[in-house]
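Comments concern the structure below.
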Amino acid sequence: MDKFHIRGGVALKGRVSISGAKNSALPCMAAAILTPETITLHNIPYVRDIITMRRLLEDIGAHVLTPELRTHKISAANVELMQAPYELVKTMRASVLALGPLLARFGKARVSLPGGCAIGARPIDLHLASFSKMGADVFLEAGDVVARAPRDRLVGAEIQFEKISVTGTENVMMAATLARGKTVIHNAAREPEVRDLGELLNKMGARVRGAGTPKIEIEGVEALGGAQHTIIPDRIETGTFIVAGAITKGELEIKDCNPEHCNRIIGKLRDAGVEIEEVNQSTLRVSYGKPIRAADLKTEEYPGFATDMQAQYMTLMTQADGQSEITETIFENRFMHASELQRMGARIQISHDKAVVEGPTNLIGARVQASDLRASASLVLAGLIAEGETIIDRVYHIDRGYEKIETKLKAVGANIERVRESVTSPLSASQEVRG
Ligand code: UD1
């Protein structure tokens with residue numbers, strides 16, 4: 001398993017380019033299952049979760065061509081298997097995104113139920129209840145969720161999500177495109193990735209209105225066709241690099257991003273004293289001006305502050321002057337990075353869904369372990385400012401969602417190396433990954 005060795009203390013300076021959003025690319029790739037025609041997706045990030053989704057598509061019989069590194073041409077003309085196996089679902093929960101499109105196009109699907117997860121219980125009950133409401137017979141068989149539509153076609157329905165779910169909204173949206181009649185999703189997730197998927201679906205001939213708002217209306221159509229689409233920039237990677245620039249007291253130009261999608265992240269970081277300038281519609285400049293200030297934070301569904309930026313914000317707060325309270329409202333048990341940060345000298349108290357960070361503290365390099373994707377990013381940020389060397393184990397977590405983070409950081413001056421270990425662990429990476 002690879003490790004990162006980081007020597008802290010370098011102010012990052014230069015330009016960094018943001019990759020496409022993994023969380024948009026995944027549902028857009030799954031949407032290709034909805035049509036026998038080719039879907040061409042541009043700006044796909046080169047990260048592990050995308051490779052997993054590609055494997056899933058190929059496993060069911062789809063063809064995926066990559067004429068260029070970031071372009072995928074997907075043809076699901078010859079789907080033979082209507083199922084996502086346990087081996088893939090356990091490594092990536094977003095594999096459940098295959099359920100809606102398979103059920104919509106073929107009237108049947110089998111997806112292994114995601115198991116335990118490192119960031120709290122993440123059930124898919126909302127997805128399943130919605131498919132039942134659309135007429136599907138949904139049951140559990142040998143650890144798999146099996147769903148069957150009456151006479152092979154779902155029927156439109158009024159779906160009221162009691163809790164906002166991003167992939168739940170996307171799954172139902174995809175399922176509804178080929179259903180008989182109209183589906184209305186109430187209390188839908190408003191994330192930019194949901195809107196991006198809606199745009200792709202409409203290019204394929206779907207009739208989706210309101211993606212990106214709390215109410216989405218979908219008129220089912222008979223069939224969908226091919227389309228081309230460019231994936232939006234990754235707002236979490238953008239936020240992570242803003243923190244990297246600020247925390248190292250550097251100056252970074254962050255290009256190929258969408259500042260509009262990062263409004264709340266930018267606003268919160270400005271509250272903490274970070275200087276962020278919007279250079280143009282796709283470029284931000286972050287620079288160090290004043291010392292970092294402590295500012296409380298509560299994670300919320302979009303347009304609120306993203307839970308996927310909570311860990312990185314916590315690292316920033318270890319450098320702030322004063323006490324900050326961080327409340328995690330989306331996932332239980334999403335403070336696992338805190339104990340690793342404590343080992344580096346951070347002063348953090350956790351109680352239930354709250355973390356109180358006392359700053360500023362001098363972080364000291366240590367050997368730490370990444371526990372999930374965003375937790376790993378927070379440890380990299382800590383390593384960038386820690387005294388001495390930080391070694392981060394299990395960086396496969398970060399490879400799931402950040403494209404070549406060490407290459408991008410090195411290009412702006414960071415002292416970071418990936419060290420490949422030849423000794424193989426008794427557990428393979430895929431057995432250990434959760435989340
Ligand atoms: C997506 C993102 C993930 C992000 C999360 C929250 C993708 C591929 N992943 O995950 O990066 O952290 O949104 O912004 O887009 N819930 C239920 N029942 C369900 C579904 C969800 O109770 O059927 C709960 C979850 O346990 C959680 C909350 O709803 O507490 C939000 O989860 P959800 O929005 O579904 O997260 P994901 O879509 O899995």
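Along the sequence shown, residues carry numbers from 1. In listed order, ligands and their atoms are each counted from 1.
Ligand 1 has no nitrogen or oxygen under 3.5 angstrom from a nitrogen or oxygen of Phe331. At least one N or O atom of Arg93, backbone or side chain, sits closer than 3.5 Å to an N or O atom of ligand 1. Between Glu170 and ligand 1, not a single N/O pair is under 3.5 Å apart. Close N/O approach between Ala94 and ligand 1 is not found [any backbone or side-chain N/O within under 3.5 Å]. For Pro123, a nitrogen or oxygen atom sits less than 3.5 Å from a nitrogen or oxygen atom of ligand 1, counting backbone and side chain alike.
Close approach of ligand 1 to Asp308 is summarised as follows: ligand atoms under 4.0 Å from at least one heavy atom of the residue are 3 (C), 4 (C), 11 (O), 12 (O). Residue-ligand proximity, Leu126 to ligand 1, at heavy-atom distances under 4.0 Å covers atoms 17 (C), 18 (N), 19 (C), 20 (C), 23 (O). Proximity to His127 (heavy-atom distance under 4.0 Å) selects the following atoms of ligand 1: 23 (O). In summary, the atoms of ligand 1 found under 4.0 Å from a heavy atom of Ile124, numbered by their order in the structure, are 19 (C), 23 (O). For ligand 1, the atoms lying closer than 4.0 Å to a non-hydrogen atom of Thr307 are 6 (C), 12 (O), 14 (O).
Between the side chain of Ser376 and the main chain of His397, no donor-acceptor pair closer than 3.5 Å is present. In terms of modelled atom types and a separation under 3.5 Å, the side chain of Arg105 and the main chain of Ile33 share a donor-acceptor contact.
Considering only non-hydrogen atoms, atom 28 (C) of ligand 1 lies nearest to Lys163 out of Arg334, Lys163, Glu301, Glu191. Of the options Asn23, Leu373, Ile330, Asp49, the smallest heavy-atom separation from atom 15 (O) of ligand 1 is shown by Asn23. In the candidate list Thr167, Ile236, Thr169, Thr167 is nearest to atom 38 (O) of ligand 1, counting heavy atoms.
Here CE of Met344 is found 7.0 Å from CG of Leu379. Values are rounded to the nearest 0.5 Å. Separation of atoms CZ (Arg180) and CZ (Arg153) is listed at 5.5 Å; rounding is to 0.5 Å.
The two residues Ile18 and Asp234 come nearest to each other via the heavy atoms CG2-O, 3.5 Å. Heavy-atom minimum distance, His42 versus Gln228: NE2-OE1, 2.7 Å.
Residue contact check for ligand 1: Glu193 places no non-hydrogen atom closer than 4.0 Å to it.
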Test salt bridge (Lys or Arg N to Asp or Glu O under 4.0 Å) on Asp296 and Lys354 and set out the steps. CA-CA 10 Å; Asp296 293 349; Lys354 287 194 191 339; over 6 Å; no
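Glu278 pairs by the salt bridge (Lys or Arg N to Asp or Glu O under 4.0 Å) definition with nothing, not counting sequence neighbours.
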Which pairs of donor and acceptor atoms, one on a side chain in residues 126-134, lie under 3.5 Å apart (sequence neighbours left out)?
from: His127; atom 1: ND1; to: Asn171; atom 2: ND2; distance (Å): 3.1
from: His127; atom 1: NE2; to: Gly168; atom 2: N; distance (Å): 3.4
from: Ser130; atom 1: OG; to: Leu126; atom 2: O; distance (Å): 2.7
from: Ser132; atom 1: OG; to: Leu128; atom 2: O; distance (Å): 3.3
from: Lys133; atom 1: NZ; to: Glu158; atom 2: O; distance (Å): 2.8

